[in-house]
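Read the structure below first, then the notes.
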Amino acid sequence: MKITVLQPNLFPFKSYLEVVNKVDKVVFADDTYYNDKSWVNKTVLKKNGKKIVFRVPIEERASSKKICDLVVSVGNWRRNLLKIIASEYKESPNFERVFPVVKEIVKLPSENISHIAAYSVFRISELLGMETKFCLSSIAYKGTEGSFYKKIIKICKKEHSKEFVTFAMYRDTFNSDFFIKNNIKIGYYSSSSESNFSIIDQLMNDEGLFK
């Protein structure tokens, strides 16, 4: 079994979904602390053909909380997000098939941004025909202690996984020796995707995607 551990990303880039498709199971690391670099509450969209970063507003002092504990702020972010997507892609070939799924994700009856982001990955992978399984670290591995690497090792052993997959850009900083000593192979994935937009852009415009 191959697994990866990823923070839940809201409507992620294509490369993120490619890693998801390379493994048997994704563990969403939602029990890590939030910081401004996290993509759990933001995504890159097109608006009038230009790139924008859409941020779902979350409660104040988020940096002192774990991702699984973050709650979205009251506001019209759901309506605004759907309006941007509908306006940009209403003439796209796959709009009628993709937009209802996007709307379902955005209108998920939860104020927990971790759940919304994780659900966006799950539903898009399902839409693309992937068979990858998912779980939330805060639930499936609640109470697992240790450093980031040690927690991954514990997860791999619990899942009877002999290979952990991560992005190639981490090759120079990832502690591969620690995994090898624990009889776990590291798979580094390098994406050929040059897209600077959310996977939504490909879902809407790739006419051969659902044939």
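In this structure, Tyr34 and Lys66 have side chains that are not in contact, with every pair of non-hydrogen atoms separated by 4.5 Å or more. Residues Lys51 and Val44 meet the side-chain proximity criterion, which asks for heavy atoms closer than 4.5 Å. The shortest distance between side-chain heavy atoms of Asn41 and Leu70 does not fall below 4.5 Å. Using a 4.5 Å heavy-atom cutoff, the side chains of Tyr189 and Ser15 are not in contact. Side chains of Thr132 and Val23 form a contact here, defined as non-hydrogen atoms less than 4.5 Å apart.
Remark: Arg123 pairs with Glu104, Glu126 by the salt bridge (Lys or Arg N to Asp or Glu O under 4.0 Å) rule, at least two apart or across chains. Residues that satisfy the salt bridge (Lys or Arg N to Asp or Glu O under 4.0 Å) test with Asp69, not counting sequence neighbours, are absent from this structure.
Contacts classified as side chain to side chain donor-acceptor pair (under 3.5 Å) and involving residues 155-167 (residues at least two apart or in different chains) are given here: Lys25-Glu159, Tyr141-Glu159, Lys157-Asn182.
Hydrophobic clustering (side-chain heavy atoms under 4.5 Å, transitive across Ile, Leu, Val, Met, Phe, Trp, Tyr) keeps Phe134 apart from Phe13. In the hydrophobic clustering of this structure, Trp39 does not group with Leu45; members are Ile, Leu, Val, Met, Phe, Trp, Tyr whose side-chain heavy atoms approach within less than 4.5 Å, directly or through other members. A continuous path of hydrophobic side-chain contacts links Ile105 to Val72 [ILVMFWY only; heavy atoms under 4.5 Å]. A chain of hydrophobic side-chain contacts below 4.5 Å, direct or via other Ile, Leu, Val, Met, Phe, Trp or Tyr residues, connects Met130 to Leu127.
Here the rule is side chain to side chain contact (heavy atoms under 4.5 Å, CB included) with Val5, and of Thr32, Val26, Ile152 only Ile152 fits it.
Relative orientation of the Tyr170 and Phe167 rings is perpendicular, given thresholds of 30° and 60° on the angle between their planes. The aromatic rings of Tyr149 and Phe178 sit tilted, their planes meeting at an angle between 30° and 60°.
Taking each heavy atom of Leu17 and Val121 in turn, the nearest pair found is CD1-O, 4.4 Å. Across all their heavy atoms, Phe28 and Gln7 have their closest contact at CD2-C, 4.4 Å.
The NZ atom of Lys46 sits 12.0 Å away from atom CD1 of Ile200, with the distance rounded to the nearest 0.5 Å.
Within a 6.0 Å radius of NZ in Lys133, no more than 12 heavy atoms belonging to other residues, nucleotides or ligands are found.
Side-chain contact of Asp30 with Ser138: a donor-acceptor pair under 3.5 Å is present, judged by distance alone.
The aromatic ring centres of Phe99 and Tyr89 sit 6.0 Å or more apart.
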